[in-house]
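Labels below follow one simple rule: chain letters A, B, ... track the order of the sequence lines, proteins then strands, and each chain is numbered from 1.
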There are 4 protein chains.
Amino acid sequence: MDLPAWEPRRVVAMAADLPDGVTPPGTRGRILEAGLELFAESGFAGASIRQIAGMVGINSATLYAHYPSKGHVLAELVRIGHEEMWARLTEAAARTRDDSAARQLAALVRAHVLVHTDYPLLAVVTNGELHALDPELAAPSLRLRDECRHLLAEVLERGAKNGEFSVDDPLLAVTAIGGLGVQVAHWFGPALGRTREQVADQYARFALRIVNADQ
Amino acid sequence: MDLPAWEPRRVVAMAADLPDGVTPPGTRGRILEAGLELFAESGFAGASIRQIAGMVGINSATLYAHYPSKGHVLAELVRIGHEEMWARLTEAAARTRDDSAARQLAALVRAHVLVHTDYPLLAVVTNGELHALDPELAAPSLRLRDECRHLLAEVLERGAKNGEFSVDDPLLAVTAIGGLGVQVAHWFGPALGRTREQVADQYARFALRIVNADQ
Amino acid sequence: MDLPAWEPRRVVAMAADLPDGVTPPGTRGRILEAGLELFAESGFAGASIRQIAGMVGINSATLYAHYPSKGHVLAELVRIGHEEMWARLTEAAARTRDDSAARQLAALVRAHVLVHTDYPLLAVVTNGELHALDPELAAPSLRLRDECRHLLAEVLERGAKNGEFSVDDPLLAVTAIGGLGVQVAHWFGPALGRTREQVADQYARFALRIVNADQ
Amino acid sequence: MDLPAWEPRRVVAMAADLPDGVTPPGTRGRILEAGLELFAESGFAGASIRQIAGMVGINSATLYAHYPSKGHVLAELVRIGHEEMWARLTEAAARTRDDSAARQLAALVRAHVLVHTDYPLLAVVTNGELHALDPELAAPSLRLRDECRHLLAEVLERGAKNGEFSVDDPLLAVTAIGGLGVQVAHWFGPALGRTREQVADQYARFALRIVNADQ
DNA sequence: AATGAATGAGCTTTCATTCAT
DNA sequence: CATGAATGAAAGCTCATTCAT
């Protein structure tokens with residue numbers, strides 16, 4: 001097996017993409033993208049307002065015409081990340097509401113993985129820099145995050161109840177399956193030689209096996 | 001299912017423990033423990049030399065009598081973390097050298113999980129702050145890290161070859177199984193209501209299912 | 001003879017003057033003047049950024065909006081000093097190009113002395129703090145300095161060749177005549193009771209005698 | 001004429017020599033020599049106690065078993081430098097007490113130059129770092145320094161009175177002749193291709209010409 | 001005589017932020 | 001909308017010096 005050399009970076013991916021339609025126009029949006037790249041690379045504390053401004057090509061004071069503080073840039077990124085995740089998982093759950101638990105679980109895991117392959121920098125910031133946010137700025141994201149975890153918990157319970165799944169410890173299954181997706185953001189990239197679909201499908205199968213679902 | 005409220009912290013665990021026998025005596029060791037706690041909580045860039053010194057109860061200048069720079073404190077933590085992980089995985093692999101691939105995989109995953117439950121702060125720093133290290137200070141740890149990944153890859157290949165495992169995409173299986181353990185450090189703690197053994201056993205079973213081993 | 005008491009200071013003069021037209025306007029110029037005074041008095045290493053800022057009446061951080069480092073303040077002073085010296089010597093040499101070597105030597109020494117009486121602090125910094133400068137920042141000044149020494153060497157050679165001067169060891173004559181002027185910056189001041197012109201004329205006569213020119 | 005490239009160093013010479021018989025034995029003497037080298041190269045403020053200790057091969061705390069402070073190391077160097085200068089000039093003046101003023105002036109200048117060629121580092125520190133010394137530590141040296149200047153002033157006055165010399169402005173002649181010697185310490189070295197005697201003889205002749213003595 | 005550990009003060013520089021223009 | 005200048009606070013680190021051993 002060819003293990004690609006492990007890189008001591010927080011994210012392997014390069015493009016600081018944001019979901020369609022959420023990037024504000026003009027300078028405000030470019031600040032957001034620069035913040036995304038730098039926060040993903042160096043963490044919130046490790047990135048400076050001057051670095052962000054420099055990447056955008058503006059004076060650091062100009063940033064304050066668009067965001068009231070460095071923390072608010074992070075807050076907007078974290079909000080966008082959580083909303084995208086929540087939207088995709090909610091959509092996947094709704095779309096498969098009447099399917100078997102197995103199909104719904106697969107859909108949720110696929111959605112979960114794909115949001116991490118599509119926006120790896122955003123995912124790394126969203127998952128890893130929440131601690132740097134003022135509690136009041138973090139609160140809305142925390143609510144979305146809890147809803148996402150409950151979506152996963154609910155399908156596991158449904159499958160356990162109706163006999164599709166055989167789960168010894170549902171809580172650990174949630175942490176495992178959730179954790180699988182989170183890690184994807186760190187290493188997914190073109191060097192891997194796998195498409196986003198391939199990873200999503202494979203990880204969905206892993207999840208089904210974790211809960212002993214027939215496949 | 002009772003999902004405990006998700007906490008916006010990098011580590012849930014509290015005790016800034018280091019493996020037996022590696023903590024240097026006296027002030028040097030206390031600096032290491034304080035650095036561990038603060039780097040785990042706030043990241044390398046988010047923790048200041050004065051905070052570390054304050055936690056130890058020394059003047060910030062005194063720190064430099066023991067370590068030549070802030071980066072060297074991190075470097076020692078990262079080195080310890082990688083050596084512990086490497087030692088445990090190597091031991092597990094050696095102990096099960098003559099067993100089936102399934103038993104060896106289980107042993108590796110158990111060891112991997114246990115090192116994350118036993119030293120969660122160290123694991124978070126070891127996995128998450130390597131990027132902040134000067135390349136020359138990081139190099140030895142990167143070598144150990146690659147060896148660990150190869151241990152896992154080798155047992156997967158052995159099981160795939162001898163028919164114990166059925167793996168579509170071995171590389172993705174490595175990332176998945178490896179990723180499972182890494183995440184443990186973030187949420188394992190007393191509030192979870194699971195012992196370290198319970199988590200390790202369960203995760204070992206998850207891994208075996210991921211590779212379709214008979215159990 | 002009334003020898004004024006010798007003072008253990010690097011410069012006796014007080015006014016931290018810079019040549020006309022080179023002081024930048026506003027804060028940037030006041031930083032330069034404060035740096036001049038403090039570097040002259042205490043040397044580069046002995047003067048702190050906070051002292052400079054305090055003398056200007058600004059926060060020490062503000063200094064960095066005008067100069068990228070303490071070394072760059074020194075670099076600008078050293079550059080100004082060398083350019084003024086070079087300009088005056090070049091002008092003196094050009095003005096007397098068609099005169100006798102004796103008249104040209106006198107003009108050069110007068111110019112050399114006058115630049116030291118007019119800007120003694122600048123001369124002390126320019127001559128005495130070059131060693132503290134990064135080589136790349138020092139390079140342009142070193143070139144000017146070498147050109148100045150060659151101006152002096154050339155007139156000595158001309159006078160030696162055409163019989164106006166009688167010089168045993170031209171190299172030592174250059175060091176002696178050059179050294180005469182350099183020292184002036186340390187002790188010239190109002191307490192001396194001599195005008196700049198008196199010193200310049202007298203030293204020019206000294207130089208002519210050193211090379212045995214008819215007067 | 002081959003002007004050697006001008007070097008942006010405070011002293012060109014290398015050997016950190018002290019006069020015979022004054023270097024204290026053992027560590028105390030090695031501290032003095034290390035201080036001499038570093039103070040000459042970087043100035044008092046630019047050299048640290050740890051650098052000195054490092055050069056000696058001792059712990060910086062050990063230095064305080066030999067000298068009560070960094071300033072006292074400088075003070076001892078400055079004292080030694082002034083005593084050597086005073087001793088040599090006094091001896092030269094005494095030896096030529098009954099000679100012509102011209103011969104006495106030549107002897108004084110020769111002695112002055114030779115002390116600068118023989119101990120250039122010491123001379124640079126002695127002349128250039130007095131300002132960094134506490135006034136009470138500097139006082140004895142200042143007295144010696146004034147005596148030296150008076151020796152020179154006296155012979156000039158004698159020569160002027162008895163008609164050997166023709167001096168317009170004795171004070172400026174003192175500054176000029178004194179300044180000649182001081183500068184020697186900065187550039188004298190093996191690269192010059194002149195012996196100490198050659199320089200001393202030549203500079204003595206320069207001095208006689210400055211005062212219009214018959215030669 | 002020498003040391004390692006410790007310290008308070010200070011260093012140069014960068015931080016996020018403000019404000020007048 | 002954008003800027004240059006400014007700031008208080010704090011960053012990592014070095015300073016000369018002290019002290020118990």
Set out, in order, the CA-CA distance, both residues' side-chain angles and the distance that settles side-chain hydrogen bond (donor to acceptor under 3.5 Å, both in side chains) for R50(C) and N59(C), then state yes or no. CA-CA 8 Å; R50(C) 287 203 234 280; N59(C) 188 293; over 6 Å; no

Apply the test side-chain hydrogen bond (donor to acceptor under 3.5 Å, both in side chains) to residues R10(B) and H186(B): give CA-CA distance (whole Å), side-chain angles for both, the deciding distance (0.1 Å), then the verdict. CA-CA 6 Å; R10(B) 292 159 65 106; H186(B) 290 287; over 6 Å; no

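Between R145(D) and T126(D), some side-chain heavy-atom pair lies under the 4.5 Å cut-off. Contact check for V124(A) versus L121(A): no side-chain heavy atoms found under the 4.5 Å cut-off. In this structure, K70(A) and S48(A) have side chains that are not in contact, with every pair of non-hydrogen atoms separated by 4.5 Å or more. Residues L133(D) and P8(C) are not in side-chain contact: their nearest non-hydrogen atoms beyond the backbone lie 4.5 Å or more apart.
Residue contacts shown for A47(A) are limited to sugar-phosphate atoms, with no base heavy atom under 4.0 Å away.
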Dot-bracket for DNA chain E, please, read 5' to 3', with Watson-Crick or G-U wobble pairs under 3.5 Å on both distances, ( ) within the strand, [ ] crossing, | other strand, . unpaired. .||||||||||||||||||||

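Straight-line distance from the OH atom of Y67(C) to the C1' atom of dT13(E): 17 Å, rounded to whole Å. Rounded to whole Å, the distance from CD1 on I49(A) to P on dT18(E) is 11 Å. One interatomic measurement links the two molecules: CG of D134(C) to P of dT12(E), which rounds to 15 Å at whole-angstrom precision. When rounded to the nearest whole Å, the span between NZ of K70(D) and P of dC15(F) equals 9 Å. Distance CD1 (I31(A)) to C1' (dA16(E)): 14 Å, rounded to an integer number of Å.
Listed candidates were dC13(F), dT17(F), dT17(E). Nearest to the side chain of Y64(A) is dT17(E).
Taking only side-chain nitrogens and oxygens, S48(D) never comes nearer than 4.0 Å to OP1 or OP2 of dT14(F).
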Kindly give the atom pairs (protein nitrogen or oxygen, nucleotide nitrogen or oxygen) under 3.5 Å for nucleotides 5-9 of chain F.
residue : atom : partner : partner atom : Å
dA6(F)  : OP1  : T27(C)  : OG1          : 2.8
dA6(F)  : OP2  : T27(C)  : OG1          : 3.4
dA6(F)  : OP2  : H66(C)  : NE2          : 2.5
dT7(F)  : OP2  : N59(C)  : N            : 2.9
dT7(F)  : OP2  : T62(C)  : OG1          : 2.7
dG8(F)  : OP2  : N59(C)  : ND2          : 3.0
dG8(F)  : N7   : N59(C)  : ND2          : 3.0

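A salt bridge is absent between R28(C) and E33(C); no separation between the charged side-chain nitrogens and carboxylate oxygens falls under 4.0 Å.
Smallest separation of non-hydrogen atoms from L77(B) and L122(B): O-CD1, 3.4 Å.
No donor-acceptor contact under 3.5 angstrom links the side chains of R9(B) and H131(A), judged on distance only.
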